[in-house]
There are 2 protein chains.
Amino acid sequence: MSCPCRPLCLVPKPNCSKPDGPLPRHRATGPALARQVMALPLFDGLEHDVLERLMADSTALACDRRTLLFSAGAAADSFYIVLDGQVKLFALTPDGRESIVEVFTPVSSFGEAAMLSMGIFPLHAEVIEDATLIKVGRRAFITTLQSDRAVAYRMLASLCRWHQRLSSEIRHLKEQPPWQRVAEFLLALTDAQVGEALVSLPFNKEILASRVGIRRESLSRVLARLRDMGVRTEGNSVRIDDVRSLRRLCAETGH
Amino acid sequence: MSCPCRPLCLVPKPNCSKPDGPLPRHRATGPALARQVMALPLFDGLEHDVLERLMADSTALACDRRTLLFSAGAAADSFYIVLDGQVKLFALTPDGRESIVEVFTPVSSFGEAAMLSMGIFPLHAEVIEDATLIKVGRRAFITTLQSDRAVAYRMLASLCRWHQRLSSEIRHLKEQPPWQRVAEFLLALTDAQVGEALVSLPFNKEILASRVGIRRESLSRVLARLRDMGVRTEGNSVRIDDVRSLRRLCAETGH
DNA sequence: GGCGCCCCTTGACTTTGGTCAGGGTCAAAA
DNA sequence: TTTTGACCCTGACCAAAGTCAAGGGGCGCC
């Protein structure tokens with residue numbers, strides 16, 4: 001579960017000759033892994049040895065589906081990086097239903113906010129697809145922050161971007177009807193600007209419904225209605241006949 | 001519009017004998033103003049001279065209602081602190097309606113996120129109640145960030161808290177029916193935990209409706225329904241008969 | 001095969017929020 | 001005084017999402 005030489009040696013220095021300790025269930029190791037972690041907006045451009053030190057105080061976790069990482073109210077003394085698999089952050093409504101706030105896919109991180117502000121997780125986190133995670137402790141992280149002021153600045157920018165994403169989601173929830181939110185979600189899965197696109201849903205429909213803020217029955221109906229607009233969905237693969245025209249439809253009046 | 005001695009001399013050092021330059025339309029000046037600015041979570045605990053330097057490169061603005069501070073797409077090379085009055089951040093839907101994302105009241109700040117991430121404002125900002133603002137330039141701010149690493153850390157924490165607020169709002173939008181969102185909004189206006197409470201709405205019903213994501217007609221109906229639950233509203237003052245029981249109602253099933 | 005489980009879909013019905021139109025109150029302007 | 005405009009409420013109607021119930025298809029397992 002951990003690297004042979006250190007708690008977690010993800011970032012061998014260029015001249016390191018030791019064989020990379022493979023992480024369970026995750027294909028990338030050593031340099032490839034390092035490249036992935038450094039691809040996180042959070043750590044983008046971080047110096048090699050700073051990252052090395054950070055990772056040395058972290059642990060890698062291999063978690064099965066349905067593992068509960070933490071519950072709301074738990075002390076947040078670390079945050080997580082998703083290398084593989086998926087993790088959902090959700091709340092429980094008083095009547096026992098769960099509402100999914102976010103789903104994290106590789107490569108992304110979550111929990112920094114809770115860790116740095118209140119020190120308490122406000123939501124529950126559960127692995128929904130067998131996952132490989134890195135757990136980064138608060139102390140190590142703060143040390144890193146202080147060792148290099150560029151890190152703090154970069155992290156600030158990264159949080160700001162995230163902030164924008166959240167506030168645009170609020171906008172969408174308020175001003176778009178559900179079918180447009182679904183359509184935009186699908187469109188976000190492809191880079192294509194024109195013509196046809198074939199995308200595959202990153203998770204099942206129950207979760208997708210929760211992400212766009214409707215029930216799964218409504219999602220079914222929405223997808224049925226979208227069929228008339230050239231969105232054919234079978235299983236978890238979706239073919240969009242004309243990306244451009246769908247985008248136009250989404251941009252039109254929420255009415 | 002600006003302080004007599006400097007672009008903006010909000011923070012006279014203790015031994016400064018110059019008279020405080022009064023800001024138009026804003027009661028607090030000099031030390032009182034400094035106290036207000038330092039009350040911002042963003043600047044909480046900032047050293048006196050650091051703040052002084054920051055403010056020296058800022059400008060104070062007295063803006064009338066309906067002033068457009070910036071439009072979506074404009075270059076974000078500064079952010080704003082609200083000392084007095086109110087500013088709304090909103091988007092325009094394709095059919096010309098506006099949806100308000102946030103309303104800022106004293107003392108708070110906005111625009112940091114846009115400034116630090118993309119450098120472009122994603123929303124429009126308009127003064128909705130005659131306001132006194134401080135406009136802080138990017139360069140000065142970044143200098144401050146770098147001069148004191150504690151600032152960066154504090155700002156990180158502050159952004160994280162904000163992040164939590166946003167993500168809890170997303171939760172509410174998804175899992176609560178409008179009447180609960182309205183009720184929670186009202187409850188957030190009082191500190192009382194039990195018994196009766198008398199609150200006054202910080203802005204008119206049109207804006208309130210937009211904040212909770214419904215139309216003003218719906219808000220009227222919601223307020224009418226809330227009357228049966230002991231929420232009497234006349235004008236912009238609202239009396240809640242039993243805070244405790246209303247809170248309980250809100251916590252119950254969104255169903 | 002037969003069974004149960006999971007995921008998804010569909011239909012019938014109910015509830016609710018949006019839309020449109022009308023009207024009321026109040027205060028400032030003409 | 002009347003007029004105007006800002007703000008708010010209400011009713012009638014409609015479209016859409018939630019709810020409840022039923023059922024289909026795929027898949028692993030005994």
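Quick note: numbers below take in every heavy atom, side chains included, and nothing from hydrogens, waters or symmetry partners. Convention: sequence-line order gives letters A, B, ...; per-chain numbering from 1.
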### Message
Under 4.0 Å, heavy atom to any atom of DNA chain C: which of residues 223-232 of chain B qualify?
### Response
none
### Task
Mind jotting down which residue pairs meet the side-chain hydrogen bond (donor to acceptor under 3.5 Å, both in side chains) criterion with at least one end in residues 223-235 of chain A? Sequence neighbours excluded, please.
R232(A)-D241(A)
#### Entry: Non-neighbouring partners of S109(A) that pass side-chain contact (heavy atoms from CB on, under 4.5 Å), sequence neighbours left out
L40(A), L42(A), F79(A), I81(A), E112(A)
### Task
For E102(A), check salt bridge (Lys or Arg N to Asp or Glu O under 4.0 Å) against everything at least two apart and list the hits.
R165(A)
### Task
Provide, to the nearest angstrom, the distance between the CD atom belonging to E175(B) and the P atom belonging to dG18(D).
13 Å
## Note on the structure
In terms of heavy-atom contacts, I128(B) and I207(B) come closest through CD1-CD1, 3.6 Å
### Query
Who passes ring pair (Phe, Tyr, Trp, His ring centres under 6.0 Å) against H163(B), sequence neighbours left out?
W162(A)
### Message
According to side-chain contact (heavy atoms from CB on, under 4.5 Å), who are the partners of V101(B), at least two apart in sequence or on a separate chain?
### Response
S167(A), R171(A), L123(B)
#### Entry: Under-4.0 Å side-chain N/O to phosphate OP1/OP2 contact, K205(B) with dA6(D)
no
### Task
Would you please name every residue forming a salt bridge (Lys or Arg N to Asp or Glu O under 4.0 Å) with R181(A), sequence neighbours left out?
none
### Message
Under the rule for side-chain hydrogen bond (donor to acceptor under 3.5 Å, both in side chains), what residues qualify as partners of E196(A), not counting sequence neighbours?
### Response
R239(A)
### Out of dC8(C), dA17(D), dA12(D), whichever nucleotide has its closest atom nearest the side chain of R221(B)
dA12(D)
## Note on the structure
By nearest-nucleotide position on DNA chain D, the 5'-leaning member of V222(A) and R66(B) is R66(B)
### Query
Which whole-number value in Å describes the distance from N236(A) CG to dG26(D) P?
15 Å
### Query
Atom CD of Q176(A) and atom C1' of dA15(D): how far apart are they, to the nearest Å?
18 Å
### Task
Rounded to the nearest angstrom, tell me the gap between atom CZ in R65(B) and atom C1' in dC7(D).
11 Å
### Partner set under side-chain contact (heavy atoms from CB on, under 4.5 Å) for S71(A), not counting sequence neighbours
L68(A), H124(A)
### Query
What orientation do Y80(B) and F110(B) show, parallel under 30°, tilted 30 to 60°, or perpendicular over 60°?
parallel
### Query
What residues, two or more places apart in sequence or in another chain, satisfy side-chain contact (heavy atoms from CB on, under 4.5 Å) together with E217(B)?
R215(B), R221(B)
### Task
Could you identify which residues of residues 206-218 of chain A place a heavy atom less than 4.0 Å from some atom of DNA chain C, listed by residue number, or say none?
E206(A), E217(A)
### Summary
Between CZ of F203(A) and P of dC7(C) the distance, given in whole Å, is 14 Å
### Spacing between L219(B) atom CG and dC7(D) atom C1', to the nearest angstrom
12 Å
### Query
Expressed in angstrom and rounded to an integer, what is the separation of Q180(A) atom CD from dG18(C) atom P?
15 Å
List every contact pair, protein side and nucleotides 22-28 of chain C side both N or O, where the distance is under 3.5 Å.
none

### Query
Nearest-Å distance, CD1 (I128(A)) to P (dC6(C))?
16 Å
